[in-house]
Amino acid sequence: MVSPAMSQVAPKDGAAQEPAKIKEIDAPTQPVRTISTPEAQTLRHAYPAILLALFALRFRALVADPVSAMQTSLPVVIALQAAYTIVCLPAAGSQGAKASSRKPRPGERRKAGAEVSEPNVAVTTLASLVLSTVSAGALHLLLVLFGAPFLTHLPHTFFCSLHLSLLGLYPLFYTRGVAAKDWLEILSARAPFDEAFGGLIGAGVGAWLGAVPIPLDWDREWQKWPVTILCGIYAGYTLGKLVGGTLAFGKRFSDVESS
């Protein structure tokens, strides 16, 4: 039998937990801060220059044979992105692990089920790579909807989509995982700006602007598909990453609209 005192306490505990759960679900996502170690900060600031320098070195090869240049540069891009995310960005779930590892104050009891293990960086990196590769197919269709060749230049469009996914989506998969709430805000452009989200916005805008020179009657070799698109992706990604991690950090598009 349950005593009257216990029957009165139980609903209060449940009632106290429900608002906390609702508040946690309704709370907006927070921007992801870069790791504060000297090594991480050094690589964070040097990485855009390294990426653009390597792209400039491969530009002539890209103009001469876009498919071969994009394909052969993929291992380098993957290695650079993996090094950047591992050294500079916290893996998905690491914030929850840090919060659960906090020692309870005197007299405070640790909540049951509050233990969260540190994420496996190798697994997170591999999973992010797989998800980025799969997402390239969706980006391929998106490029076609925006005017990319439908029945021709299929490898050109796919490798361009893969580069876009590795730059724009890979850091987000690494830091956000596959949380539905986070991705709903990202896909609806309501997420807070940080380096990862800023890089995605910059790469997308850069790809769109990169299409402008293609139809112009200049008869230049570099106007062929998708050279200028890829130039816009890399330039936009580095600029968006820089702005998202500094000037626009923590801000949202809704803040601009309201002001």
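Quantities reported herein were computed from a predicted structural model and do not represent experimental measurements.
A search for side chain to side chain contact (heavy atoms under 4.5 Å, CB included) contacts involving T42 returns nothing, not counting sequence neighbours. For F249, the ring pair (Phe, Tyr, Trp, His ring centres under 6.0 Å) criterion is met by no residue, not counting sequence neighbours. Shown here are the side chain to side chain contact (heavy atoms under 4.5 Å, CB included) partners of A189, two or more places apart in sequence or in another chain: F253. With sequence neighbours left out, the ring pair (Phe, Tyr, Trp, His ring centres under 6.0 Å) criterion links Y237 to no other residue. Remark: W183 pairs with F173 by the ring pair (Phe, Tyr, Trp, His ring centres under 6.0 Å) rule, at least two apart or across chains. Remark: H140 engages no residue in a ring pair (Phe, Tyr, Trp, His ring centres under 6.0 Å) (not counting sequence neighbours).
Separation of atoms CD1 (I50) and CG (L43) is listed at 6.5 Å; rounding is to 0.5 Å. The distance from the CG atom of L129 to the OG1 atom of T85 is 10.0 Å, given to the nearest 0.5 Å. Expressed to the nearest 0.5 Å, how far CD1 of I186 lies from OG1 of T29 amounts to 7.5 Å. Interatomic distance, L62 CG to L230 CG, rounded to the nearest 0.5 Å: 5.5 Å. The CG atom of L141 lies 12.5 Å from the CZ atom of F146; values are rounded to the nearest 0.5 Å. We find the CZ-OG1 distance between F193 and T246 to be 11.0 Å, quoted to the nearest 0.5 Å.
Residue pairs meeting the side-chain hydrogen bond (donor to acceptor under 3.5 Å, both in side chains) criterion with at least one partner in residues 165-175, sequence neighbours excluded, do not occur; the list is empty. Applying the salt bridge (Lys or Arg N to Asp or Glu O under 4.0 Å) test to residues at least two apart or on different chains, the pairs with a partner in residues 201-229 are E221-K224. Counting only residues at least two apart or in different chains, salt bridge (Lys or Arg N to Asp or Glu O under 4.0 Å) contacts with residues 186-196 comprise R44-E195, R176-D194, E195-K241. Applying the salt bridge (Lys or Arg N to Asp or Glu O under 4.0 Å) rule to pairs touching residues 60-82 yields nothing, sequence neighbours excluded.
Under the 3.5 Å distance criterion, the side-chain polar atoms of Q30 are matched with a main-chain donor or acceptor of P28. Without hydrogens or angle criteria, D255 side chain to R252 main chain gives a donor-acceptor distance under 3.5 Å. In this structure a side-chain-to-backbone donor-acceptor pair under 3.5 Å is missing from Q81 to P171.
L166 and L142 end up in the same hydrophobic cluster when Ile, Leu, Val, Met, Phe, Trp and Tyr side chains are linked at under 4.5 Å. In the hydrophobic clustering of ILVMFWY residues, with side-chain heavy atoms under 4.5 Å counting as a link, L169 and V178 come out together. L74 and F59 fall within a single hydrophobic cluster, where Ile, Leu, Val, Met, Phe, Trp and Tyr are joined by side-chain heavy atoms under 4.5 Å apart, directly or via other members. Hydrophobic cluster membership differs between F55 and L242, with clusters built from Ile, Leu, Val, Met, Phe, Trp and Tyr side chains linked at under 4.5 angstrom. Under the 4.5 Å side-chain heavy-atom criterion for ILVMFWY residues, no single connected hydrophobic cluster contains both L126 and V76.
The heavy-atom pair separating S135 from L131 by the smallest distance is OG-O, 2.7 Å. Residues S132 and S128 approach most closely at OG-O, 2.7 Å, considering heavy atoms. Between L143 and C160, the closest heavy-atom pair is CD1-SG, 4.4 Å. For the residue pair P31 and G250, the shortest heavy atom distance occurs at CG-CA, 3.8 Å. What you find for W222 and P213 is that their closest heavy atoms are CZ3-CB, 4.0 Å.
In this structure, the side chains of L164 and F159 stay at 4.5 Å or more apart for every pair of heavy atoms. At least one side-chain heavy atom of L51 sits under 4.5 Å from a side-chain heavy atom of L80. Residues R58 and T72 are in side-chain contact: their nearest non-hydrogen atoms beyond the backbone lie under 4.5 Å apart. With a 4.5 Å cut-off on side-chain heavy atoms, I35 and C88 do not count as touching. Inter-residue side-chain proximity for K251 and P192 is flagged as unmet; no heavy-atom pair is nearer than 4.5 Å. Looking only at side-chain heavy atoms (C-beta outward), W218 and Q223 come within less than 4.5 Å of each other. Residues P226 and P66 have side chains in contact (heavy-atom distance under 4.5 Å, counting atoms from C-beta outward). Side-chain atoms of H163 and S73, non-hydrogen and from C-beta on, do get closer than 4.5 Å to each other.
The hydrophobic cluster around V144 extends to F150, L151, counting ILVMFWY residues whose side-chain heavy atoms fall within less than 4.5 Å of a member.
Looking only at atom types and distance, the side chain of T152 has no donor-acceptor partner in the side chain of W225 under 3.5 Å away.
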Considering only distance and modelled atom types, tabulate donor-acceptor pairs under 3.5 Å from the side chains of residues 199-210, sequence neighbours left out.
none

